[in-house]
There are 2 protein chains.
Amino acid sequence: MTAEVKPAALQLTERQEARRRRILHASARLASRGGFDAVQMREVAENSGVALGTLYRYFPSKVHLLVATMQDQLQHMHETLRKRPPTEEEPAARVAQTLMRAFRALQREPHLADAMVRALTFADRSVSPEVDTVSRLTTAIILDAMGLDEAPTAEQLSAVRVIEHTWHSALITWLSGRASIAQVKIDIETVCRLIDLTAATPAR
Amino acid sequence: MTAEVKPAALQLTERQEARRRRILHASARLASRGGFDAVQMREVAENSGVALGTLYRYFPSKVHLLVATMQDQLQHMHETLRKRPPTEEEPAARVAQTLMRAFRALQREPHLADAMVRALTFADRSVSPEVDTVSRLTTAIILDAMGLDEAPTAEQLSAVRVIEHTWHSALITWLSGRASIAQVKIDIETVCRLIDLTAATPAR
DNA sequence: CGAGTCACTGGAACTCGTTCTAGGCTAGCG
DNA sequence: CGCTAGCCTAGAACGAGTTCCAGTGACTCG
């Protein structure tokens, strides 16, 4: 609840860094098996070879752990996307293409996606900083995809925010079985039209 | 998990209807005190004068209970909004006005809002039907606000879906303290421009 | 070398959602 | 009236997240 020492931020010894990696790895592995419920703190501790208390020293709650797992995965995805940027011309299409690519990656690990997204939306104020990091990463991915020459305008940043909202919420409806893959695609394409809108009207 | 008798749907005796009301009332009251965490099943049962087992017969999980609470509140809001429709001219502005009105209502009960929205996004597949009902109610409110003369086009329905996504996700960021009220307002106004977009281009 | 400090371990303990059990009350039916 | 079926009550019991505690080991400073 209060601002304790952040084991993630400040420098760790090598052994500690290795512990942290093992924990995140175990978390991701359990999550990709059975989703949010399958990530049980005792199991994570056991599988990563640390005591339960230590696990809680590194990640003060299950939600913190899963949000950190998401940071990790997003990092990977960002690098992957950097290497193979979208092929479309128009910014809107580029963003839509990028998000659909990310979506397909999530489809390959639906349980992992479930665990991470559920944690993200269930996070309360005590996890805000970590969730914010995830949000910034997502923003960076979208801005990269737009392939702008100059810095984004305020309007464009607003559009990106809305795209992120749609992205998260659409993922949730898909994960809970209330929307099909096709529906998610439509939603993404629809919201991406906002980019055209903001690009097309510099000063109307 | 399976399709049992739904106490909500099929006819209940008067005593049963009263019990259900008492439970929902207790749930809302506890929620408005301390949010999601303050709604403890034992307390709800005690405060509404039913046994724990009975509570679970009416609402098979805490999430079910809170989603039902949300249905209840949305019903109210829908009626209130019907009585005082938005004053703006343009559909986009009308929707934005309506959502901001709803948002202000939620600001008056932030804890209750927290409990309901968290439940909604945390709901897994077993709650899909109930969540779907909430979603349909929200859609109805937005479509009402648009004040269309004819049936909405497929494009307009897509826009409404995206608006809903944005609405939910923006609420979450506000509730978890990561976005200000002003920011939520901007996001809503931004996404509502999609309505103009779909209205202005019937066949371009 | 000795003492103190701090992270880590193993495991008990606590909370709250959920399930289960035994028994009691009510309503309809023979 | 007495019986049976269901619903309800009280409360125990179970599972998983979280907290706590006593002990241990390693590292640092004197």
Side-chain angles (χ1 to χ4, degrees), chain A residues 1-2 4-8 10-23 26-27 30-31 33-69 115 118-119 122-124 126-127, chain B residues 1-2 4-8 10-23 26-27 30-31 33-69 115 118-119 122-124 126-127:
Chain A
M1 185 161 295
T2 58
E4 298 284 4
V5 180
K6 298 237 192 80
L10 302 185
Q11 70 278 18
L12 305 177
T13 70
E14 203 157 320
R15 295 176 60 80
Q16 286 174 326
E17 187 55 51
R19 270 199 199 91
R20 187 164 190 282
R21 292 261 124 247
R22 285 207 307 279
I23 293 173
S27 164
L30 286 171
R33 291 229 196 304
F36 189 88
D37 293 335
V39 182
Q40 303 195 354
M41 298 304 267
R42 283 173 237 262
E43 278 224 38
V44 173
E46 204 169 318
N47 288 10
S48 48
V50 303
L52 191 54
T54 306
L55 172 53
Y56 274 95
R57 173 185 298 275
Y58 281 73
F59 301 97
S61 79
K62 173 167 171 171
V63 168
H64 282 84
L65 171 59
L66 284 172
V67 171
T69 306
R118 293 266 288 285
F122 196 58
D124 66 357
S126 69
V127 204
Chain B
M1 185 160 296
T2 60
E4 298 283 5
V5 180
K6 297 239 193 79
L10 303 187
Q11 71 277 19
L12 305 176
T13 70
E14 204 157 320
R15 295 174 62 79
Q16 287 174 325
E17 188 54 50
R19 269 198 201 92
R20 189 165 189 282
R21 293 260 123 246
R22 284 206 308 279
I23 293 174
S27 164
L30 286 172
R33 290 228 196 305
F36 189 88
D37 293 335
V39 180
Q40 303 193 355
M41 298 304 267
R42 286 174 235 262
E43 279 226 38
V44 173
E46 205 170 317
N47 287 10
S48 49
V50 302
L52 192 55
T54 307
L55 171 53
Y56 273 94
R57 173 184 298 276
Y58 281 73
F59 301 97
S61 80
K62 174 167 170 171
V63 169
H64 282 84
L65 170 59
L66 284 172
V67 170
T69 304
R118 292 266 287 287
F122 196 59
D124 66 356
S126 70
V127 205

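Computed from a prediction, not measured in an experiment: that's the story for all the values here.
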Practice item. Taking all non-hydrogen atoms of both residues into account, name the closest pair between A:A68 and A:F59 and its distance. Key: CB-CE2, 3.5 Å
Practice item. Nearest 0.5 Å please: distance from the CE atom of A:M41 over to the OH atom of A:Y56. Key: 4.0 Å
**Study point:** Straight-line distance of B:R57 CZ to B:I23 CD1, nearest 0.5 Å
**Key:** 11.5 Å
Check your understanding: If only atom types and distance count, is the side chain of A:T69 paired as donor or acceptor with the main-chain N or O of A:L65 below 3.5 Å?
Key -> yes
Point to revise | Terminal contacting nucleotides, 5' and 3', DNA chain D versus chain A (heavy atom, 4.0 Å) | key: D:dA16 to D:dT19
Point to revise | Nearest-0.5 Å distance, OG of residue B:S27 to CZ of residue B:R22 | key: 14.0 Å
Practice item. Would you check if A:R15 and A:R19 make a side-chain contact, meaning some heavy-atom pair closer than 4.5 Å? Key: yes
Exercise for review: Using the six-membered ring wherever Trp is involved, compare the ring planes of A:F122 and B:F122 and label them parallel, tilted or perpendicular (cut-offs 30° and 60°).
Suggested key: parallel
Revision key, fill the gap. 5' to 3', nucleotides 9-20 of chain C under a 4.0 Å protein heavy-atom cut-off (B base, S sugar-phosphate only, - none) gives BB--B--BBBB-
